[in-house]
Amino acid sequence: MKREIESISMKEYDYLLPDEAIARYPLEDRSSCQLLHYNRGNLSTHLFSEIASLLPTNSLLIRNNTRVIRARIYLHKSTGAQIELLCLEPVSPSQYECSLTATESCVWRCMVGNARKWKEGALEREVCFKGENSFTFRAERIEKDLIRFSWDNPSFSFGHILEQVGILPIPPYLNRATEERDNRDYQTVYAVNKGSVAAPTAGLHFTDREFEQIAQRGIPVADVTLHVGAGTFLPVKSDSIAEHSMHQELCIVERATIEQLLDHTDQIIAIGTTSVRTLESLYYVALNHLDELTTSAEGASLPVVDQWEPYTTPDSEETTRDLLQRLLFRMQELELSSVVFATTLLIIPGYRFHIVKGLVTNFHQPKSTLLLMIAALLGENWKAMYDYALAHNYRFLSYGDASLLLP
């Protein structure tokens with residue numbers, strides 16, 4: 001497989017995306033956008049509000065219930081220089097819930113904007129909650145991208161502080177500042193677990209109405225969690241995908257979801273590429289990492305699915321059902337209610353899907369790893385699909401239109 005990977009040129013996954021095709025804002029009614037239905041090579045246009053009627057009757061929908069946090073913080077030096085901190089992932093405490101509920105200090109890995117202006121010293125900002133006494137919020141640079149946050153009022157958690165001083169990060173390709181409406185628009189209606197710096201955007205089209213219609217058809221819905229990192233926006237800068245390093249993201253899958261997967265192995269449809277990444281990574285956790293599973297206690301090392309693992313691992317003689325069943329047995333032995341792991345999985349043409357059979361997704365950037373995933377699912381037909389979308393004035397990227405892909 002190595003030779004096949006090295007032969008994948010990103011030039012083959014480029015297309016002309018006109019600026020006017022990029023949706024800067026969502027529609028007022030989330031589900032009134034266009035839905036491109038790809039069904040075994042046939043293409044047709046619908047409204048997203050019709051999606052329940054287009055799903056196969058024996059489907060199981062899997063959605064990513066992560067919630068975007070107000071992860072962008074602006075602080076100023078005494079000189080007036082503005083420093084931007086984008087919180088990527090917690091380091092100490094390393095669990096998202098523990099870090100967001102910390103009441104004195106925490107350490108996060110951050111992207112630092114205007115870093116050359118911040119060589120040393122702490123940055124401070126006075127914070128006041130609803131007229132209460134103000135307190136001081138500090139940021140200290142431990143290493144290049146490690147930032148210690150601290151504050152002198154234990155009545156407030158780091159999560160509270162982010163809600164007060166943080167800004168919801170929106171994709172850089174929107175070329176605009178975050179607006180008040182983004183705080184609502186850039187969250188799915190089922191967002192629960194805080195931790196992402198980007199939304200699982202395929203889910204933005206759903207309203208409670210669609211889920212009610214899906215339930216009326218007897219189609220179950222289950223949740224996974226993948227906390228989306230800023231790496232999702234990183235373009236592939238190399239000519240060959242073999243030279244690209246994938247970002248790492250944290251995944252959580254509950255035992256109840258795995259049990260539902262076992263009942264619906266024939267028609268599992270993922271809502272969004274992050275759900276695909278979680279489910280397909282779960283397969284490799286079951287295949288290669290059962291001995292690494294542990295409780296989610298602070299400081300424990302997690303199994304990590306490597307980006308090239310599918311391409312270096314021999315095909316298993318066990319079925320997907322058998323592997324998931326083995327995973328459940330292992331979870332029962334360890335008394336785990338959920339499996340927690342990290343993934344750098346890269347899904348490219350030539351990948352064999354083990355769990356996902358269909359996908360609800362948006363239209364992705366040229367020469368992106370997300371577009372490679374679509375090509376892995378559809379083969380060369382991705383080109384006809386994208387040509388069709390452009391010719392029929394579909395809106396692209398995070399706030400754009402959607403597609404239902406049933407290969």
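Just so you know, these numbers use all the heavy atoms, side chains as well, and skip hydrogens, waters and symmetry mates. All of these numbers come straight from a predicted model, not from anything done at the bench. The chain is numbered in sequence order, starting from 1.
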Flag side-chain contact, heavy atom, 4.5 Å: Val165 against Arg125
yes
Does any part of the side chain of Cys110, heavy atoms only, come nearer than 4.5 Å to the side chain of Phe149, both counted from C-beta?
yes
Show the numbers, then the answer: is there a side-chain contact (heavy atoms from CB on, under 4.5 Å) between Ile161 and Ile73?
CA-CA 10 Å; Ile161 293 171; Ile73 304 170; over 6 Å; no
Where Pro169 and Val197 come nearest, the two heavy atoms and their spacing:
CG-O, 3.3 Å
Is there a donor-acceptor pair closer than 3.5 Å between any side-chain N or O of Trp151 and the backbone N or O of Thr103?
yes
Does Arg181 come within less than 4.0 Å of Glu28, counting only side-chain N to carboxylate O?
yes
Could you check whether Asp322 and Thr320, counting side-chain N and O atoms only, form a donor-acceptor pair closer than 3.5 Å?
no
Could you check whether the rings of Phe353 and Tyr351 sit parallel, tilted or perpendicular, using 30° and 60° as the cut-offs?
perpendicular
Spacing of Met10 atom CE and Ile8 atom CD1 [to the nearest 0.5 Å]:
9.0 Å
Pairing donors with acceptors under 3.5 angstrom, does anything connect the side chains of Asn381 and Tyr38?
yes
Could you pull out all donor-acceptor pairs under 3.5 Å where a side-chain atom in residues 285-293 meets a protein atom, sequence neighbours excluded?
residue : atom : partner : partner atom : Å
Asn288  : ND2  : Glu309  : OE2          : 2.9
Asn288  : ND2  : Thr313  : OG1          : 3.4
His289  : ND1  : Glu292  : OE1          : 3.3
His289  : ND1  : Glu292  : OE2          : 2.8
His289  : NE2  : Glu309  : OE1          : 3.2
His289  : NE2  : Glu309  : OE2          : 2.9

Any donor-acceptor pair under 3.5 Å from Gln307 side chain to Met246 backbone
yes
Regarding Arg70 and Glu163, does a basic nitrogen lie under 4.0 Å from an acidic carboxylate oxygen?
yes
Does Arg30 come within less than 4.0 Å of Asp208, counting only side-chain N to carboxylate O?
no
State which residue, out of Tyr388, Phe363, Tyr386, fulfils the ring pair (Phe, Tyr, Trp, His ring centres under 6.0 Å) condition with Tyr15.
Tyr386
Compute whether any side-chain donor of one residue and acceptor of the other, for Gln248 and Thr343, lie under 3.5 angstrom apart.
no
Report the relative orientation of the aromatic rings in Tyr186 and Tyr399; use parallel for angles under 30°, tilted for 30 to 60°, perpendicular for over 60°.
perpendicular
So, for Thr45 and Gln34, which heavy atoms are closest and what is the spacing to 0.1 Å?
CG2-OE1, 3.4 Å
Tell me, which pairs form a ring pair (Phe, Tyr, Trp, His ring centres under 6.0 Å) where one or both residues lie in residues 97-125, sequence neighbours left out?
Trp108-Phe158
For His46, look at atom NE2 and say whether over 12 heavy atoms of other residues, nucleotides or ligands are found less than 6.0 Å away.
yes
Just wondering, are more than 12 heavy atoms of other shown residues or ligands nearer than 6.0 Å to CZ in Arg255?
yes
Nearest 0.5 angstrom please: Asp182 CG to Leu168 CG, how far?
7.0 Å
For residues 56-63, tabulate all N or O donor-acceptor pairs below 3.5 Å that involve a side-chain atom, not counting sequence neighbours.
residue : atom : partner : partner atom : Å
Ser59   : OG   : Pro56   : O            : 2.7
Arg63   : NE   : Asp223  : OD1          : 2.5

Check the pair Tyr25 / Glu179 against side-chain hydrogen bond (donor to acceptor under 3.5 Å, both in side chains), numbers first and verdict last.
CA-CA 10 Å; Tyr25 296 90; Glu179 300 177 15; 2.4 Å; yes
Show the numbers, then the answer: is there a side-chain contact (heavy atoms from CB on, under 4.5 Å) between Leu146 and Arg109?
CA-CA 5 Å; Leu146 291 185; Arg109 194 173 307 280; 3.7 Å; yes
Test side-chain contact (heavy atoms from CB on, under 4.5 Å) on Arg395 and Leu27; report intermediate values, then the result.
CA-CA 10 Å; Arg395 300 159 70 249; Leu27 301 177; 3.8 Å; yes
Flag the pair Glu318 and Arg326 as a salt bridge only when some basic side-chain nitrogen lies within less than 4.0 angstrom of an acidic carboxylate oxygen.
yes
Shortest non-hydrogen contact between Gln164 and Val127, atoms and distance:
CG-CG1, 3.8 Å
Any heavy-atom pair between the side chains of Leu346 and Trp308 that's under 4.5 Å?
yes
Would you mind reporting whether Ile22 and Leu17 have side-chain heavy atoms less than 4.5 Å apart?
yes
Basic-acidic side-chain contact under 4.0 Å: Glu333, Arg330:
yes
side-chain hydrogen bond (donor to acceptor under 3.5 Å, both in side chains): pairs with one or both residues in residues 266-278, sequence neighbours excluded:
Asn64-Thr274, Glu249-Arg277
Check step by step if side-chain contact (heavy atoms from CB on, under 4.5 Å) holds for Phe137 and Asp152.
CA-CA 7 Å; Phe137 175 61; Asp152 54 12; over 6 Å; no
Testing the basics here: between Ile355 and Glu280, what is the closest heavy-atom pair and its distance to 0.1 Å?
N-OE2, 2.9 Å
Indicate yes or no for a side-chain donor-acceptor contact from Gln187 to the backbone of Val68 under 3.5 Å, with no hydrogens or angles considered.
yes
If every non-hydrogen atom of Ala230 is compared with every non-hydrogen atom of Met111, which pair is closest and at what distance?
CB-CE, 3.8 Å
Atom pair SG/CG of Cys87 and Leu162 - distance to nearest 0.5 Å
5.5 Å
Keeping Ser196 on the side-chain end and Val228 on the backbone end, is there a donor-acceptor pair under 3.5 Å?
yes
Tell me which donor-acceptor pairs under 3.5 Å the side chains of residues 364-377 have, and how far apart each pair is, sequence neighbours excluded?
residue : atom : partner : partner atom : Å
His364  : NE2  : Thr361  : OG1          : 2.8
His364  : NE2  : Asn362  : O            : 3.3
Ser368  : OG   : Gln365  : O            : 2.7
Ser368  : OG   : Leu371  : N            : 3.2

SG of Cys33 to CG of Leu47: how many Å apart, nearest 0.5 Å?
8.0 Å
Any chance you could measure Leu359, atom CG, to Lys357, atom NZ, to the nearest 0.5 Å?
13.5 Å
Approximate separation, where rounding is to 0.5 Å, of Asn114 CG and Ile83 CD1
4.5 Å
Side chains of Thr66 and His227, donor plus acceptor under 3.5 Å
yes
Is it the case that the side chain of Ser32 and the backbone of Asp29 share a donor-acceptor pair, with hydrogens and angles ignored and the cut-off at 3.5 Å?
yes
Mind listing the closest non-hydrogen atom pair of Ser301 and Thr294 along with its distance?
O-CG2, 3.6 Å
Quick one about Thr207 and Glu210 (side-chain donor to acceptor, distance below 3.5 Å, no hydrogens or angles considered), yes or no?
yes
Please list all pairs meeting ring pair (Phe, Tyr, Trp, His ring centres under 6.0 Å) that have one or both residues in residues 187-221, counting only residues at least two apart or in different chains.
Phe48-His205, Phe48-Phe206, Tyr190-Phe211, Phe206-Phe211
Any side-chain donor-acceptor pair under 3.5 Å between Tyr173 and Asp19?
no
Please evaluate residues Arg72 and Glu84 with respect to the criterion salt bridge (Lys or Arg N to Asp or Glu O under 4.0 Å), reporting the C-alpha separation (whole Å), side-chain torsions for both, the decisive distance (0.1 Å), and the verdict.
CA-CA 7 Å; Arg72 178 171 281 123; Glu84 176 187 350; 2.5 Å; yes
